[in-house]
*Asks:* 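I am attaching a structure below and will ask some questions about it afterwards.
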Amino acid sequence: NLLHRYINLSAPQRVEVMDRVTAIAGQDVTLPCTLREVGASSSVTQVTWVKDPEGQGLNLAVFSPSLGTSHPLGGAEGGGGHGRWGLRSPSPSSVPLTINSVRLEDEGKYSCEYSLFPQGKNGGQTSLTVWVEPLVSVSRLPVWAGDSRRPVAECSASNGKPGAEITWVSDFPGNTSTRETRNPNGTQSLTSRYFLVPTHNQHNRLITCSVTHPTLTRPKLMIFLVSAVVIADISLCSGWGGDLPKSVRVDSDRVFLNAVDISVNSTFRCEATNTCVSVCLCVSLIIVNNYC
């Protein structure tokens, strides 16, 4: 897919190309090259596509009206060599170069050169930019409900080109921290964390990570639930698993003694559990001469 097109028509050139073309990695891209009208006395002898014309100069494809098409490095039609470059339906007036399944290493300058008789050589140059869609992932970070600020979610957009942008959408206040990494191949990775002071009211509330990038037609939304763990399911028993004395009454997380005598001598064990953990606290009560 071509995303940006700028045509070089500056006289006295007879060849039209696009100055800049942007493609997305993994998709096909076509670089046009068209010969403008020339006099009847002119004839096309050969058209050549070259990558990195100012450097190593790789000949990708050659077209001759009399001899046909050649791919010195192996073209898309032949399947040899690199096997991803091809000239589709070339003619003396139009020789577009197609690159199948564009890769990051395809980025660079491409030259289309016409050999005309009797005028000689004429051509133009296209700069190809390759964008890479980032890999998006999220992680929910379970935390204990409390009074300190902690990260509850992490969102990453990895190996994108150019770098992605991450924003958070939530109906309760929080803060973010972002870390950016520039990879050796020119891509960028972005990781963002969402911080808040977790409370039981925020448990299973929605948070959305929104990732935007030029390769995406719309933001990529990753929706998940906050995990703010709160100790629950409190139970009380006496001894090491025995029944409570008749004079002991339990109300939620409190224990009441209806009568203070030696019948309540025992070790009381309070257990608080949830899906993540179980906590136990033991308290020994001894009554001597009706006094604690």
*Asks:* For the pair N159 (side chain) and T187 (backbone), establish whether a donor and an acceptor sit closer than 3.5 Å, ignoring hydrogens and angles.
*Replies:*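 Not a single qualifying donor-acceptor pair exists.
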*Asks:* How close do T178 and L190 get, counting heavy atoms only, and between which atoms?
*Replies:* CG2-CD1, 3.3 Å
*Asks:* At what distance, to the nearest 0.5 angstrom, does CD1 of I223 lie from CD1 of I207?
*Replies:* 11.5 Å
*Asks:* Return yes if some donor-acceptor pair links the side-chain N/O of W49 with the main-chain N/O of V95 below 3.5 Å, else return no.
*Replies:* yes
*Asks:* Does a side chain donor of either S192 or T176 reach within less than 3.5 Å of an acceptor in the other side chain?
*Replies:* no
*Asks:* Say whether L135 and W131 are linked into one hydrophobic cluster, either directly or through other cluster members, by side-chain heavy-atom distances under 4.5 angstrom.
*Replies:* no
*Asks:* Would you confirm whether T34, through its side chain, and E16, through its main-chain N or O, come within 3.5 Å as a donor-acceptor pair?
*Replies:*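 No: the side chain of T34 does not pair with the backbone of E16.
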*Asks:* Applying the 4.5 Å side-chain criterion to the ILVMFWY set and letting contacts propagate, would L31 and L104 be lumped into a single cluster?
*Replies:*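 Same cluster.
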*Asks:* Please check: side-chain N/O of S156 versus main-chain N/O of S158, any donor-acceptor pairing under 3.5 Å?
*Replies:*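 Such a contact is absent between S156 side chain and S158 backbone.
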*Asks:* Taking atom CD of Q188 as the centre, does the number of heavy atoms from other residues, nucleotides or ligands within less than 6.0 Å exceed 12?
*Replies:* yes
*Asks:* Using a strict 4.0 Å threshold on nitrogen-to-oxygen distance, state whether K161 and E107 make a salt bridge.
*Replies:*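 Salt bridge between K161 and E107, a charged N being under 4.0 Å from a carboxylate O: yes.
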*Asks:* State whether the side chain of R193 and the backbone N or O of P151 hold a donor-acceptor pair below 3.5 Å, judged by distance alone.
*Replies:*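 A pair under 3.5 Å: no.
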*Asks:* Can you label the angle between the W168 ring and the Y194 ring as parallel, tilted or perpendicular, going by 30° and 60°?
*Replies:*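 Ring orientation of W168 relative to Y194: tilted.
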*Asks:* Is a side-chain N or O of N183 found less than 3.5 angstrom from the main chain of N185, in a donor-acceptor match?
*Replies:* no
*Asks:* Verify, without hydrogens or angle tests, whether T126 (side chain) and M18 (backbone) share a donor-acceptor contact under 3.5 angstrom.
*Replies:*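 Judged by distance alone, yes, a pair lies under 3.5 Å.
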*Asks:* Is the Lys NZ or Arg CZ of R149 less than 6.0 Å from the centre of F195's six-membered ring, within 45° of the axis?
*Replies:* yes
